[in-house]
Amino acid sequence: EHPLAPYKLAQFLREQQPEAALQHTLQAWQNLKALEAPSQFLHLEMLNQLLLLLQATSQYARFPEWLEAFAHHCAALQQTSLSPAQQQRVREEEGACALLRASYLHAISSPVAGEAFHTAAQQLACLEQAVALGASQTRHMALHRQADMLACLYRYEAAVATYNALVRQ
């Protein structure tokens with residue numbers, strides 16, 4: 001069996017069976033790591049797929065280790081000599097990862113006002129990065145989430161102002 005066969009299978013299962021797709025992607029990742037290949041676009045693509053599947057299965061506690069792995073492989077890949085097309089491809093994968101990071105931050109955000117604003121700022125920074133770096137579809141999704149988030153923040157600020165006015169009375 002080819003080491004990346006589980007990854008191809010995971011791509012077919014992604015929509016209907018995300019749990020199974022996640023297991024196959026994890027197996028493919030282990031196979032890729034066993035090959036000890038230098039960082040390639042495949043590493044970034046596979047890590048983004050892992051993050052998507054973790055999101056689809058609401059396994060946000062596992063996000064930090066995979067975000068760190070993405071950052072490591074992205075930095076290693078950027079140290080190599082890349083053509084402009086390859087640089088664009090890396091930027092697009094970074095944009096997709098930034099969008100996933102924003103989703104992760106949203107999922108783990110705290111309802112405490114001060115922490116919520118800090119997390120919202122981090123989410124907005126991730127969404128801005130996704131817009132700046134992502135492919136067309138990533139930019140579209142990031143802009144949509146950014147617009148929704150800004151609308152929610154406006155309502156939240158209004159709610160805090162109303163609460164403060166009530167406390168002062």
Side-chain angles (χ1 to χ4, degrees), residues 6-7 9-33 39-78 87-157 159-160:
Y7 184 57
L9 179 58
Q11 290 175 324
F12 289 114
L13 296 173
R14 184 176 56 208
E15 298 298 320
Q16 288 78 26
Q17 299 177 32
E19 285 284 347
L22 176 60
Q23 294 311 311
H24 287 292
T25 305
L26 287 168
Q27 181 185 355
W29 178 256
Q30 292 307 317
N31 293 348
L32 182 60
K33 295 295 287 179
S39 294
Q40 306 171 29
F41 297 112
L42 179 60
H43 287 87
L44 302 182
E45 177 186 311
M46 194 178 295
L47 287 164
N48 273 335
Q49 287 303 312
L50 270 169
L51 290 167
L52 268 172
L53 292 166
L54 289 171
Q55 177 185 18
T57 57
S58 299
Q59 296 183 42
Y60 292 103
R62 298 175 68 184
F63 255 65
E65 70 179 287
W66 297 108
L67 288 170
E68 187 176 315
F70 185 93
H72 168 76
H73 286 284
C74 189
L77 193 55
Q78 289 174 341
Q87 290 172 358
Q88 178 61 31
R89 193 166 164 199
V90 170
R91 282 191 299 273
E92 289 173 359
E93 291 296 334
E94 284 181 290
C97 186
L99 185 60
L100 289 162
R101 191 176 324 110
S103 295
Y104 161 70
L105 290 168
H106 175 74
I108 65 161
S109 63
S110 168
V112 177
E115 292 176 25
F117 285 125
H118 177 70
T119 303
Q122 289 177 313
Q123 288 177 52
L124 286 171
C126 289
L127 292 171
E128 287 173 16
Q129 184 181 16
V131 169
L133 300 174
S136 177
Q137 183 179 5
T138 301
R139 287 192 307 271
H140 178 79
M141 290 188 311
L143 285 169
H144 188 271
R145 287 189 191 169
Q146 194 175 35
D148 287 347
M149 192 173 169
L150 289 171
C152 288
L153 286 173
Y154 174 75
R155 283 186 230 126
Y156 188 77
E157 289 173 359
V160 169

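Values below: every heavy atom of this structure, side chains too, minus hydrogens, waters and symmetry copies.
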Grab the two heavy atoms, one from [X] and one from [Y], that are nearest each other, plus how far apart they are.
X: Pro18; Y: Leu53; answer: O-CD2, 3.9 Å
X: Val131; Y: Ala142; answer: CG2-CB, 3.6 Å
X: Leu51; Y: Cys97; answer: CD1-SG, 4.0 Å
X: Ala61; Y: Pro64; answer: O-CD, 3.5 Å
X: Cys126; Y: Leu105; answer: SG-CD1, 3.9 Å
X: Tyr7; Y: Gln49; answer: OH-CG, 3.2 Å

Report yes or no: do Arg14 and Gln11 form a side-chain donor-acceptor pair below 3.5 Å?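 Checked: Arg14/Gln11 side chains show no N/O donor-acceptor pair below 3.5 Å.
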
Rounded distance (nearest 0.5 Å) linking atom [atom1] of [X] with atom [atom2] of [Y]:
X: His73; Y: Glu45; atom1: NE2; atom2: CD; result: 14.0 Å
X: Arg139; Y: Gln146; atom1: CZ; atom2: CD; result: 13.0 Å
X: Ser103; Y: Leu52; atom1: OG; atom2: CG; result: 8.5 Å
X: Phe63; Y: Leu54; atom1: CZ; atom2: CG; result: 5.5 Å
X: Trp66; Y: Met46; atom1: CH2; atom2: CE; result: 10.0 Å
X: Leu124; Y: Arg145; atom1: CG; atom2: CZ; result: 12.5 Å

Under 3.5 Å donor-acceptor pairs involving side-chain atoms of residues 19-32, not counting sequence neighbours:
unit_1, atom_1, unit_2, atom_2, d
Thr25, OG1, Ala21, O, 2.8
Asn31, ND2, Pro3, O, 2.8

Any side-chain heavy atom of Glu93 within less than 4.5 Å of one from His43?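 No, too far: nothing below the 4.5 Å cut-off.
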
CD of Gln137: more than 12 outside heavy atoms within 6.0 angstrom?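 Atom CD in Gln137 is not packed in, count stays at 12 or less.
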
side-chain contact (heavy atoms from CB on, under 4.5 Å) for Glu92 and Thr138? Distances and angles first, verdict last. CA-CA 8 Å; Glu92 289 173 359; Thr138 301; over 6 Å; no

Could I get the full list of side-chain contact (heavy atoms from CB on, under 4.5 Å) partners for Gln129, not counting sequence neighbours?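 With neighbours one apart ignored, the set is Ala98, Arg101, Leu133.
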
